[in-house]
Amino acid sequence: MSQTSIRWSQPLQPFPMRGRAGLPVGALDSVRTRRILAVCFDFIAVSIFSFGLWLALLVLTLGLSLVLLPPLFPFVAFFYNGLTVSGRKMATPGMRAMGLEIRTNDSGDRVTFLAAAVHAVLFYFSWMFPPIFLWSLFSEDKRCLHDVFADVIVVRRI
């Protein structure tokens, strides 16, 4: 099968990534809006997971783990993003609900756990400097700056 005839119904097959011209038609349509909604969904999910884990640890240790619990949200978010994005479906549950997936920018392959976790850390770090998100308005492939540094691209599942 040639590189030009690969279809999106085969998510594990890489697709040619040579700028915007190498993407399938419609791969970047409304990606920014969908990403914002996916982040909201994922933020709620990570909050629920973090609270459940916090409550379980609090009960199991009879309150002795309160010293260790404050950094629980970033820890949960790190593994939530790393495991779901590097998994078989290549997206967090929020991204799947919005019809998005993350692929490597150069080859279109599945993202490794380390790259997915670094992408998540860079994403949460960029929240401290919100003007960084304006980068995607000027990028032709709608990538944010943390996408560029992690060498990934977010595209729609078609």
Can you confirm whether [X] sits close enough to [Y] that some side-chain heavy atom of one is under 4.5 Å from a side-chain heavy atom of the other?
X	Y	result
Cys144	Phe123	no
Ser126	Ile132	yes
Phe79	Phe113	yes
Trp127	Phe133	yes
Val154	Arg103	no
Phe73	Phe43	yes

Donor-acceptor contact below 3.5 Å, side chain Arg143 vs main chain Ser136: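 Looks like no, no N/O pair under 3.5 Å.
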For Arg35, all residues meeting salt bridge (Lys or Arg N to Asp or Glu O under 4.0 Å), sequence neighbours excluded: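 Once residues adjacent in sequence are excluded, the partners of Arg35 under the salt bridge (Lys or Arg N to Asp or Glu O under 4.0 Å) criterion are Asp147.
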Modelled atom types, side-chain donor and acceptor of Thr92 and Asp42, under 3.5 Å: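 Yes, a side-chain donor-acceptor pair sits under 3.5 Å.
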Derivation of the side-chain contact (heavy atoms from CB on, under 4.5 Å) call for Ile153 and Ile102: CA-CA 6 Å; Ile153 187 168; Ile102 295 182; over 6 Å; no
Parallel, tilted or perpendicular: rings of His146 and His119 (30°, 60°):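 It falls in the tilted class, 30° to 60°.
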Joint cluster assignment, Leu122 & Val85, ILVMFWY side-chain distance < 4.5 Å: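 Cluster IDs for Leu122 and Val85 differ.
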Co-membership, hydrophobic cluster, residues Val118 and Met128, 4.5 Å side-chain: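 Yes; tracing contacts between hydrophobic side chains, which count when under 4.5 Å, links both residues.
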Set of ring pair (Phe, Tyr, Trp, His ring centres under 6.0 Å) partners for Tyr124, sequence neighbours left out: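 Tyr124: no ring pair (Phe, Tyr, Trp, His ring centres under 6.0 Å) contacts found.
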Evaluation steps, side-chain contact (heavy atoms from CB on, under 4.5 Å), between Thr84 and Met90: CA-CA 7 Å; Thr84 56; Met90 297 182 286; over 6 Å; no
Worked verdict on Val152 versus Asn105 for side-chain contact (heavy atoms from CB on, under 4.5 Å): CA-CA 5 Å; Val152 297; Asn105 186 46; 5.8 Å; no
Step-by-step side-chain contact (heavy atoms from CB on, under 4.5 Å) determination, Leu72 to Leu53: CA-CA 8 Å; Leu72 200 57; Leu53 186 59; 3.7 Å; yes
